[in-house]
Amino acid sequence: MAKYSRLHGSVGLISLANPPVNALSSVVRHAISEKVAKAFRDPEVTCVVICGENGVFCGGADIREFASTMRGPPLVPMIDAIEEGEKPVVAAIEGVAFGGGLELALGCHYRIAHYKARVGLPEVTLGLLPAAGGTQRLPRLTGVAPALQLITTGRHVAAPEALKLGIVDQVTEQNTVEVAVQFAKSVVGQALHNRRLSLRQLSCPPDGLFEETMAQIKQRARGAVAPIACVQAVKAAATLPFKAGMDKERDLMATLFNSGQAKALQYSFFAQRSVAKWNLPNGAHSGISKARAVHRAAVIGLGTMGRGIVVSLVRAGISVIAMETNEKQLHTGKKMVIAILEKDAQKHNAAPRADLVHFTERLSDLSNVDLVIEAVYEDMVLKKDIFKQLSMICKPDAFLCTNTSALNVDELAAVTGRPEMVVGMHFFAPAHVMKLLEVVYGQHSSPEAVATAMQLGKRLGKVSVAVGNCPGFVGNRMMKLYVEQAHFLLEEGATPEQVDEALEEFGFAMGIFKVSDLSGLDVGWRVRKEAGLTGAGVDWKEPPRRRQGRRYSPLADLLCEKGHLGQKTSRGWYLYEKPGGRDPKPDQGLHSFLVEYRSKYGLKARRIDKDEVLERCLFSLINEGFCILDDGIASGPEDVDVIYVHGYGWPRHRGGPMFYADMVGLSKVLERLEFYHQAHPDVPYLKPSPLLRKLVRNGSPPIREWREFLKRPHSHL
Ligand SMILES: CCCCCCCCCCCCC[C@H](O)CC(=O)SCCNC(=O)CCNC(=O)[C@H](O)C(C)(C)COP(=O)(O)OP(=O)(O)OC[C@H]1O[C@@H](n2cnc3c(N)ncnc32)[C@H](O)[C@@H]1OP(=O)(O)O
């Protein structure tokens with residue numbers, strides 16, 4: 001709703017009141033229309049200020065309404081009526097003016113913003129475009145090029161930049177509403193014609209701007225359609241009269257509104273927010289679990305992961321002890337951490353924050369920290385030794401966290417005298433860039449430990465998801481099967497290029513073999529050795545392409561043995577011009593190696609089409625997702641999807657693997673898995689999961705209802 005009052009006798013103040021973000025629900029739209037008409041009618045009122053309650057102007061249209069039939073007064077005529085009014089209307093922007101909120105402000109004659117406010121048109125991130133005149137008014141205000149950039153990326157703009165771009169007329173550090181009220185009074189009687197953006201003429205955009213932007217988007221958007229529609233809408237603003245441009249905006253919105261991509265992106269928006277409200281099988285949940293403040297943290301191990309974690313902590317203003325026993329690694333790690341922090345400082349025109357880090361070789365220096373993150377390499381014996389020592393050295397209420405990507409958190413907790421204080425904090429490389437954090441709770445992890453790790457993740461700017469303890473947790477447990485299927489496809493006749501091309505066309509930023517080259521083939525090699533799948537622990541009585549009773553492809557192990565570890569050695573699944581090179585080229589040597597390999601094992605190469613690549617790789621991963629839900633390792637499909645979108649490059653406009661399964665149709669996924677399992681009985685994980693079968697038996701309910709079909713373990717609280 002919206003409240004109305006009269007200030008100083010002549011100022012009509014309309015206050016949007018729909019917590020938490022004053023979204024423009026049908027009730028709010030109705031109330032705004034009514035209050036604006038009232039103010040315009042009132043002869044005592046000479047000017048109007050529109051603001052939002054609770055320090056937020058407006059978070060835009062109510063996204064939840066998009067899922068049902070839109071009712072209530074539409075936004076466009078409401079905004080037009082404000083602009084056409086004969087009394088000056090001033091938007092007082094605090095907090096945010098996003099999407100429809102900014103479009104409402106653009107319909108006002110003036111905009112005053114608090115210096116901490118942000119404005120933007122993020123509709124493209126929801127698979128939409130700003131369809132309440134945003135694509136037509138913003139270019140008339142800022143010029144075409146800046147508007148095009150803002151609308152196609154959805155970038156948030158801080159008030160000082162908004163002032164430079166001309167989006168707002170004034171920025172204030174004082175009470176924004178009071179400033180806006182005084183401002184409104186000061187412009188009473190001035191002509192409004194020039195303030196009506198719909199009447200403004202647009203100057204010609206630079207030559208080739210739309211073509212260049214379109215080409216960049218096609219490269220970057222990985223199949224997303226909304227950015228393309230945004231370009232078309234802004235082009236209409238530049239080439240058509242306002243009214244015709246508005247018609248084009250509406251038509252383009254109509255094509256996007258019910259698209260699968262818009263549904264996926266809006267699902268993703270809410271999924272990302274839902275994972276913050278975590279709950280554990282024992283009944284503990286975010287609503288009742290209090291996080292403890294972390295003032296001092298420590299990171300053990302200054303390899304790639306450790307360095308990234310140190311940088312993330314420092315960026316959040318937390319003082320860190322960075323500990324590494326290897327002198328050379330300590331030296332290199334220190335240099336790299338400081339280099340990143342100096343680059344940060346240059347970018348933000350601030351002093352470097354290296355004073356927050358203390359580098360040491362001694363574990364005993366960690367006696368006084370609130371939380372430790374162990375980030376040494378994946379070796380259970382080494383990690384156990386560290387946790388035993390930490391348990392003795394650290395103060396009794398310090399949390400002990402491990403950055404393991406797959407190992408058993410309970411086994412580590414068991415060697416400490418405080419298993420309730422132990423949780424996994426699984427960062428993704430590079431940890432100072434990647435958004436995802438899996439917070440792994442063990443059998444004994446206290447709600448306070450989980451809450452603290454989740455809260456710390458939020459402070460580091462991560463999207464944190466609480467997951468249960470099992471080999472690989474959620475992300476890597478699913479990933480393992482996806483990678484394995486890709487290797488099997490090579491055995492059966494595909495090349496790395498063919499597999500990667502199918503995955504990239506689907507929307508992944510990089511195909512699986514390019515990712516493997518980038519992260520280094522030795523990473524998986526070490527994990528497979530630890531799991532007894534290769535190296536000393538193997539039962540060599542089994543046939544060569546079978547391990548632990550099931551099909552196994554030793555292809556990656558053979559490359560590692562040859563020293564082909566990916567980009568760093570200039571050879572892996574692809575060829576690079578030099579060690580550390582980034583540009584993958586097809587490797588004839590690798591192709592010959594595959595031919596020899598197939599001939600050695602009597603495998604006949606066949607033509608594998610893109611559908612098979614996608615189904616084998618993605619449906620096996622999805623099937624494991626269902627097993628994970630059934631096991632209670634993830635509390636709902638949103639958790640799995642958020643992990644894949646933020647940590648594994650799953651295209652956001654496809655929602656995530658579980659959402660994708662819902663879109664494809666659960667019975668189709670089931671049918672294809674049954675087909676592939678029959679064709680490959682030696683691959684047990686192709687057998688459809690009981691949960692998938694149960695959902696199909698129950699008529700394939702939509703994803704929002706899946707939680708009702710999950711086993712609910714008994715609460716211990
Ligand atoms: C053939 C058919 C043709 C049909 C044509 C139909 C035409 C329809 C006409 C539409 C006109 C278009 C209008 C406009 O152009 C479209 C839009 O405005 S889309 C919305 C754009 N806005 C956004 O994308 C902003 C989204 N929100 C945020 O970025 C952030 O939430 C925030 C505002 C910056 C606040 O951040 P935080 O403080 O961190 O808080 P949270 O993010 O956790 O949010 C708190 C709470 O609020 C919920 N929420 C936030 N924004 C919205 C919203 N816009 N609508 C609904 N709900 C919102 C969020 O989910 C949280 O809820 P909780 O999890 O606590 O339940």
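Every number for a ligand or one of its atoms is a count from 1 in the order of the listing.
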Chi angles and distances behind the salt bridge (Lys or Arg N to Asp or Glu O under 4.0 Å) call for Asp662, Lys263: CA-CA 12 Å; Asp662 187 26; Lys263 287 192 173 68; over 6 Å; no

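Ion pairing between Asp344 and Lys347 fails under the 4.0 Å rule for side-chain N and carboxylate O.
The aromatic rings of Phe66 and Phe257 sit perpendicular, their planes meeting at an angle over 60°, well past the 30° parallel limit. Ring pair His426/Phe428 is tilted by interplanar angle, where 30° to 60° counts as tilted.
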Enumerate, one pair per line, all nitrogen or oxygen atoms of ligand 1 lying under 3.5 Å from a protein nitrogen or oxygen, stating the separation to 0.1 Å; write 'none' if no such pair exists.
unit_1	atom_1	unit_2	atom_2	d
ligand 1	15 (O)	Glu103	OE1	2.6
ligand 1	15 (O)	Glu123	OE2	2.7
ligand 1	15 (O)	Ala131	N	3.2
ligand 1	18 (O)	Ala61	N	2.9
ligand 1	18 (O)	Gly100	N	2.8
ligand 1	22 (N)	Gly59	O	2.9
ligand 1	42 (O)	Arg273	NE	2.6
ligand 1	42 (O)	Arg273	NH2	3.2
ligand 1	54 (N)	Gly59	O	3.2
ligand 1	54 (N)	Ala61	O	2.8
ligand 1	55 (N)	Ala61	O	3.4
ligand 1	55 (N)	Ile63	N	2.9
ligand 1	64 (O)	Lys277	NZ	2.8
ligand 1	65 (O)	Lys277	NZ	3.3
ligand 1	66 (O)	Arg64	NH2	3.4
ligand 1	66 (O)	Lys277	NZ	3.4

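For Arg140 and Phe242, the positive end is not near the middle of the six-membered ring at less than 6.0 Å and at most 45° from its axis.
Defined by atom type and a distance below 3.5 Å, a donor-acceptor pair is missing between the side-chain atoms of Asn282 and Tyr441.
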